[in-house]
Undergrad: 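Please see the structure below; I have some questions.
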Amino acid sequence: MSETELCVYGLIAEGEPIRKRDAATAERLAATGLIIRDAFQPSGYAAVDLDEIEGRLRTSVQHQLEGAARQLAEIPGFVSQLRSRRTVRPREVGASSLWIEGKEAVNASIASAVDSARHELLTAQPGPRPRAVIDLSTDRDRAAVERGCVMRTLYSTSTRSNPGAIDRVNLLTALGAQFRTLTKPFMRLVLVDRQYAIVEDHADGRPSFDGAYLVRDRAACGYFAAAFDLDWQIGLDWHSAEPAHRPAITTPLQRTILRGLCDGKDQQQIAKTLGYSSKTINLALSDLRTKLELGTVYQLIAWWMGPDAVAERTSEQD
């Protein structure tokens, strides 16, 4: 209610007369059921009992809620009817991205993309896959490698114990494909000829079984390839022996400093963030360079980012 309506309502409720110019306001209040005509009142109106108003409003809202609940319950069936009349098609999100709805449609898109591969196939598979899915993709990827495509695949370290994955790697490696494993988390990716990428939804947060994006943007695909190459550099070749567990070479402080340097911070910024003096930061790096027989901080960062420091980067001793 507006301030004017509240004032007019207050006058009527108190049995006071109202001004002629408030007649229209009184009519609106009467239309909403808050007042009724009463010729014996100075204003010509009387306020309706508040309990009656409350009960009427509650009943009205209750009916609205019940109607909304019925409509809500009918939505899945309604959408199902619409879906039965449509063929699932990719939904265009932008000039160079398509949302592919449903797991089957995603698998079909991957198969089509791999079948069209002519030069390179990069895949990153962080999670486990059923044997049937592995066998299906193996036949498809084998055809791509035999066409002359360069194929590189990243798996998580846990995949080394998967019998289906072992058979796949042994078969495709013999044809020239390459496989490495990572201990750190990484994103799922299928990248074909650096022109087509299929990635999970990190825009709207939909789960992987809902679908995936087909990205055809040249710049985005180049970025995906560069990110893949960075992970590839620190991955362990599938046919290499897993590194035996050994005590960490670095200290927690040294690891924190190295992570800061890789994030683009300088030693002074790191010192300020950690609450240490610049001398302490420099001494920690100097000790590590001496231990590794490295001459410069740049060489130290290169070691930290390389395959020899995988265990250090994933150390749980921090």
Side-chain angles (χ1 to χ4, degrees), residues 99-100 102-117 119-147 149-203 205-215 220-240 242-243 307 310 313-314:
W99 172 249
I100 306 170
K103 193 171 183 179
E104 291 184 2
V106 171
N107 289 335
S109 295
I110 292 175
S112 177
V114 174
D115 287 344
S116 68
H119 307 292
E120 182 183 55
L121 181 59
L122 306 179
T123 59
Q125 298 289 348
R129 296 190 296 168
R131 181 66 185 247
V133 175
I134 293 176
D135 290 344
L136 182 64
S137 64
T138 298
D139 292 339
R140 183 184 64 217
D141 294 345
R142 176 177 183 172
V145 174
E146 289 177 340
R147 288 197 305 272
C149 290
V150 174
M151 178 180 169
R152 290 186 289 156
T153 300
L154 284 169
Y155 283 131
S156 63
T157 300
S158 61
T159 308
R160 288 174 173 268
S161 60
N162 185 319
I166 293 172
D167 291 343
R168 166 184 166 82
V169 170
N170 289 336
L171 173 63
L172 294 177
T173 298
L175 298 174
Q178 301 176 62
F179 297 84
R180 292 188 181 183
T181 57
L182 285 173
T183 56
K184 74 177 187 69
F186 57 96
M187 300 294 186
R188 192 181 307 276
L189 170 71
V190 176
L191 182 59
V192 178
D193 292 338
R194 307 201 177 204
Q195 294 181 351
Y196 304 93
I198 297 175
V199 297
E200 295 176 335
D201 179 16
H202 294 280
R206 287 169 287 203
S208 59
F209 54 77
D210 270 7
Y213 279 113
L214 171 62
V215 181
C221 289
Y223 180 88
F224 294 147
F228 179 93
D229 285 337
L230 286 176
D231 282 341
W232 184 261
Q233 290 173 17
I234 63 175
L236 180 67
D237 184 85
W238 180 281
H239 298 286
S240 299
E242 293 187 66
V310 171
R313 293 195 300 275
T314 58

Undergrad: Do Phe228 and Leu191 have side chains that get closer than 4.5 Å, going by heavy atoms?
TA: no

Undergrad: Side chains of Val199 and Met187, heavy atoms from C-beta outward: is any pair under 4.5 Å?
TA: no

Undergrad: Over all heavy atoms of both residues, which pair between Pro163 and Ser161 is shortest? Give the atoms and the distance, please.
TA: CD-O, 3.3 Å

Undergrad: For Arg160 and Val169, run side-chain contact (heavy atoms from CB on, under 4.5 Å): C-alpha distance rounded to whole Å, both residues' side-chain angles, the deciding distance at 0.1 Å, then the answer.
TA: CA-CA 10 Å; Arg160 288 174 173 268; Val169 170; over 6 Å; no

Undergrad: Answer yes if the side chains of Ser109 and Ser112 hold a donor-acceptor pair under 3.5 Å, and no otherwise.
TA: no

Undergrad: Can you tell me how the ring of Trp99 sits relative to the ring of Tyr213, calling it parallel under 30°, perpendicular over 60° and tilted otherwise?
TA: perpendicular

Undergrad: Taking OH in Tyr196 as the centre, count heavy atoms belonging to other residues, nucleotides or ligands within less than 6.0 Å. Is the count above 12?
TA: no

Undergrad: Do Thr123 side-chain atoms and Val190 backbone N/O form a donor-acceptor pair below 3.5 Å?
TA: no

Undergrad: Would you check if Leu136 and Asn107 make a side-chain contact, meaning some heavy-atom pair closer than 4.5 Å?
TA: no

Undergrad: Between Asp231 and Arg180, is there a salt bridge with N-O shorter than 4.0 Å?
TA: no

Undergrad: Kindly indicate, with the supporting measurements, whether the criterion side-chain contact (heavy atoms from CB on, under 4.5 Å) is fulfilled by Val150 and His119.
TA: CA-CA 6 Å; Val150 174; His119 307 292; over 6 Å; no

Undergrad: Check for a donor-acceptor pair, side chain of Thr181 on one end and backbone N or O of Ser156 on the other, with a separation under 3.5 Å.
TA: no

Undergrad: Within the distance-only criterion (no hydrogens, no angle test), does the side chain of Arg147 pair as donor or acceptor with the backbone N or O of Ala117 below 3.5 angstrom?
TA: yes

Undergrad: Please report the C-alpha distance between Val114 and Leu121 in whole Å, then the side-chain angles of each, then the deciding distance to 0.1 Å, and finally whether the side-chain contact (heavy atoms from CB on, under 4.5 Å) criterion is met.
TA: CA-CA 7 Å; Val114 174; Leu121 181 59; 4.0 Å; yes

Undergrad: Is Trp238 close to Gln178 at the side-chain level, that is, under 4.5 Å between some pair of heavy atoms?
TA: no

Undergrad: Below 4.5 Å, heavy atoms only, C-beta onward: do Arg194 and Glu120 meet side chain to side chain?
TA: yes

Undergrad: A side-chain contact here means heavy atoms from C-beta on lying under 4.5 Å apart; do Phe224 and Val215 qualify?
TA: yes

Undergrad: Minimum heavy-atom separation for Phe179 and Tyr155, please, with both atom names.
TA: CD2-CE1, 3.7 Å

Undergrad: In Å and rounded to the nearest 0.5 Å, what is the NZ to CD1 distance from Lys184 to Ile234?
TA: 5.0 Å

Undergrad: Please round to the nearest 0.5 Å and tell me the distance separating atom CE of Met151 and atom CD of Glu146.
TA: 12.0 Å

Undergrad: Are the side chains of Thr159 and Arg168 in touch, meaning some heavy atoms are under 4.5 Å apart?
TA: no

Undergrad: Under 4.5 Å between any side-chain heavy atoms of Trp232 and Leu122, yes or no?
TA: no

